[in-house]
Amino acid sequence: MIYRRGENKTALVTGASRGIGRAIAERLAAEGYRVFANDLKAREAELDDLVATVRKAGDLCEILYCDVSDPASVETMAKDLLAKSGGLDLLVNNAGVRSVHEAGDIGPDEWDRMFAVNTKGTFLVTKAFLPHFRAKSAGRIVNIASIGGKRGGPTETHYCASKAAVINFTQGLAVEVAKEGITVNAVCPGVIDTDMGRTHLEDAETLRKVLEKTAMGRVGNPQDVVGAVAFFASDDAAFITGQSLNVDGGILFH
Ligand code: NAP
């Protein structure tokens, strides 16, 4: 039984229809949070399934459609959430995109797409809720970055650069809001078995290299990531801010 430390609290998880975001939303709901699950309208079926699963367990989950890279869409989502819930305690910026190309093959539009969702999306959603967090002198922000943001990777320079920016944003913002009761931390997953991570896993040679590099000798799954998010959200992490925690089975240090 999971300790229900989210009772009477509200959380927003972006990109929650599948993969890591869905696992985070389910875990937070199981901890008692009233969870608002965001994704693009195109993911309606997956979000409906998430809501049904959470409610079946007797927990709380609602949907908020929004494109996190679109300022107007983000503003509308923030207004809707605050009108419905009266407040937000935890923001998890999880929505992300990734593609695999050598740098010479990345067009300007693809470069911009990475930064629009991964970096600007994180900024826009955070900015939309900062006045609320500041007004109540409390708030937890957890950004899902990547180990790729700590060490650049071949064939994903655009993705890694966008995630390095998220880590840097996390650090600077953490200092800006530290005296206002708000913490800002990042979680940096390694290779996780989701639709996004699967490009590492489908090719046998790439998978072999990943397993060889990962000290624990296995690929992660979404459940491996949720504990770090729940920890940063908890009272146990009250004096922790500006951190970026690797959840990677030891891939960066092997
Ligand atoms: P995923 O399965 O592709 O899920 C990402 C979700 O974000 C999708 O549902 C996606 O919707 C949504 N999304 C994309 N653009 C959006 C937008 N503009 N507005 C709202 N939602 C949007 O990926 P994942 O593996 O769970 O990744 C979750 C996070 O972990 C990402 O930030 C990713 O970069 C990070 N991460 C993943 C890994 C890994 O190995 N899987 C490793 C390190 C970090 P659509 O599918 O409709 O675009």
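For ligands, and for the atoms within them, numbers begin at 1 and follow the listed sequence. Since the structure is predicted, the reported quantities are computational estimates derived from the model, not experimental observations. Hydrogens, waters and symmetry mates are skipped; everything else that's a heavy atom, side chains included, is used.
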Original post:
Numbering the atoms of ligand 1 from 1, which are under 4.0 Å from a heavy atom of Pro189?
Top reply: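 Those atoms are 42 (C), 43 (C), 44 (C).
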
Original post:
Which ligand 1 atoms does Ala95 reach within 4.0 Å, using its non-hydrogen atoms?
Top reply: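 Taking each heavy atom of Ala95 in turn, ligand 1 has 7 (O), 20 (C), 21 (N), 22 (C), 32 (O) under 4.0 Å.
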
**OP:** Take Ile24 and Ile20 through the side chain to side chain contact (heavy atoms under 4.5 Å, CB included) test and state the conclusion after the steps.
**Re:** CA-CA 6 Å; Ile24 293 169; Ile20 294 169; 3.7 Å; yes

Going by atom types alone, do [X] and [Y] pair a side-chain donor with an acceptor below 3.5 Å?
| X | Y | result |
| --- | --- | --- |
| Arg98 | Thr199 | yes |
| Arg22 | Thr53 | yes |
| Asn118 | Lys163 | no |

Subject >> The one among Met114, Arg18, Arg113 that brings a heavy atom closest to atom 8 (C) of ligand 1 >> reply: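 Minimum heavy-atom distance to atom 8 (C) of ligand 1 goes to Arg18.
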
**OP:** Could you name the option among Thr122, Ile192, Val74 that has the heavy atom nearest to atom 40 (O) of ligand 1?
**Re:**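 Ranked by closest heavy atom to atom 40 (O) of ligand 1, first place is Ile192.
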
**OP:** Could I get the full list of side-chain hydrogen bond (donor to acceptor under 3.5 Å, both in side chains) partners for Thr119, not counting sequence neighbours?
**Re:**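 Result, side-chain hydrogen bond (donor to acceptor under 3.5 Å, both in side chains) vs Thr119: none returned.
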
Heavy-atom contacts under 4.0 Å between [X] and ligand 1: side chain, backbone, both, or neither?
| X | result |
| --- | --- |
| Ala16 | neither |
| Val225 | neither |
| Val117 | side chain |

**OP:** Give a yes/no on ligand 1: does Asn38 have at least one heavy atom closer than 4.0 angstrom to it?
**Re:**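 Distance cut 4.0 Å: Asn38 passes for ligand 1.
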
Original post:
How close do Leu47 and Ala37 get, heavy atom to heavy atom, and via which atoms?
Top reply: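 Smallest interatomic distance, heavy atoms only, reads CD2-CB, 4.0 Å.
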
